[in-house]
Protein chains: 2
Amino acid sequence: MSYESAIAALADPTRRSLIERLRDGPQPVGRLAQDLPISRPAVSQHLKVLSDAGLLLVEPSGTRRLYRLAPQGFEDLRRWLDSLWDDALGSFAARAREIAKESNSKDPPK
Amino acid sequence: MSYESAIAALADPTRRSLIERLRDGPQPVGRLAQDLPISRPAVSQHLKVLSDAGLLLVEPSGTRRLYRLAPQGFEDLRRWLDSLWDDALGSFAARAREIAKESNSKDPPK
DNA sequence: CAGATTCGTAAGACATGACTTACCGTAAGT
DNA sequence: ACTTACGGTAAGTCATGTCTTACGAATCTG
């Protein structure tokens, strides 16, 4: 239902960089912004996009906010991509059979 | 190595629409453009982006060009997404254990 | 309570990307 | 050879998204 927003969110390199950093575990905004060549507000905006897409969860802790990966958000995306891959394989296999058949007619057995 | 361009390509709704139409099998540009609310050149440009990202294969046939899904292009993307999902689940499980522990200290057994 | 941290939001500048029309090349049909 | 069909490319317009700085809200510390 909403893997669309997830894909759109993951399309941006900076946001993928944020996602990669969160693979090791939850981190506050300030720490995430430290290693990036952009301002902290920009990071906040990216985090909002990722959260709205269901890819991140937030947990307030004092004045800080811990962001972490949200497994739920990746599920739909994974399923869509898997079914797509299946169809791609199917089409590929069908074409392979055609190629084989054409090759046969030009190059008959025995 | 290049799942980045694949994601960027799939981020656009029109391009996803093209991908969806190609799930049933290969189709020429004109047919793909018929059902879309945009011009044929626009479709050509989208098809180029998808091809460059490794998501489509082209097969010239007379004056027409048949586009089909390229399984190879989805592989890296799938792997990256899967490993990401694994880490997300790991982080989620770790947090769940913390929650349970906190709940225990406030709500001691027996 | 005053000051310092941490972070989100608003407003505006700027770059990027998705469309259009116009045009050209190539292949098939008459 | 001429015409028609099909599709890629170029140039320019317009919308979208990504930054910046400035500001305000909430929490911790002294």
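Numbered from 1 within each chain, the chains take letters A, B, ... in sequence-line order. Not measured: the values here are computed from a predicted model.
- Taking atom NE2 of residue H46(B) and atom P of nucleotide dG8(D), one finds them 13 Å apart after rounding to whole Å.
- Taking atom CG on L50(A) and atom C1' on dG8(C), their separation rounds to 15 Å, with Å as the unit.
- Candidate nucleotides dC7(C), dT20(D), dG7(D) were compared by shortest atom distance to the side chain of V29(A), and dC7(C) ranks first.
- Nucleic acid contact class of R15(B) (heavy atoms, under 4.0 Å, all strands): sugar-phosphate only.
- When the shell of 6.0 Å around CZ of R64(B) is examined, it contains 12 or fewer heavy atoms from other residues, nucleotides or ligands.
- No more than 12 heavy atoms of other residues, nucleotides or ligands shown are found within 6.0 angstrom of CZ on R31(A).
- Closest contact between the side chain of Q45(A) and the listed nucleotides dT9(D), dC6(D), dC19(D) involves dC19(D).
- Residue P41(B) has its side chain nearest to dT20(C) when only dT6(C), dG8(C), dT20(C) are considered.
- In this structure, R65(B) does not pair ionically with E59(B), as no charged nitrogen and carboxylate oxygen lie closer than 4.0 Å.
- The D12(B) side chain lies nearest to dA18(C) when the options are dA18(C), dT18(D), dC7(C).
- Taking only distance into account, the side chain of R40(B) meets the base of dG7(D) through a donor-acceptor pair shorter than 3.5 Å.
- The side chain of T63(A) sits closest to dT27(D) out of dC19(D), dT27(D), dC19(C).
- Atom-to-atom, CG of L32(B) to C1' of dG7(D) comes out at 12 Å; the value is rounded to the nearest Å.
- Distances from the side chain of I38(B) to the nucleotides dT9(D), dT20(C), dT20(D) place dT20(C) closest.
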query: When you look at S91(A) and R23(B), which way does the side-chain hydrogen bond (donor to acceptor under 3.5 Å, both in side chains) test go after all the steps?
result: CA-CA 8 Å; S91(A) 174; R23(B) 293 181 76 144; over 6 Å; no
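- For R65(B), taking side-chain heavy atoms from C-beta onward, the closest of the listed nucleotides dT18(D), dT20(C), dG7(D) is dG7(D).
- Across all strands shown, P28(B) has heavy atoms under 4.0 Å from sugar-phosphate atoms exclusively, and none from any base.
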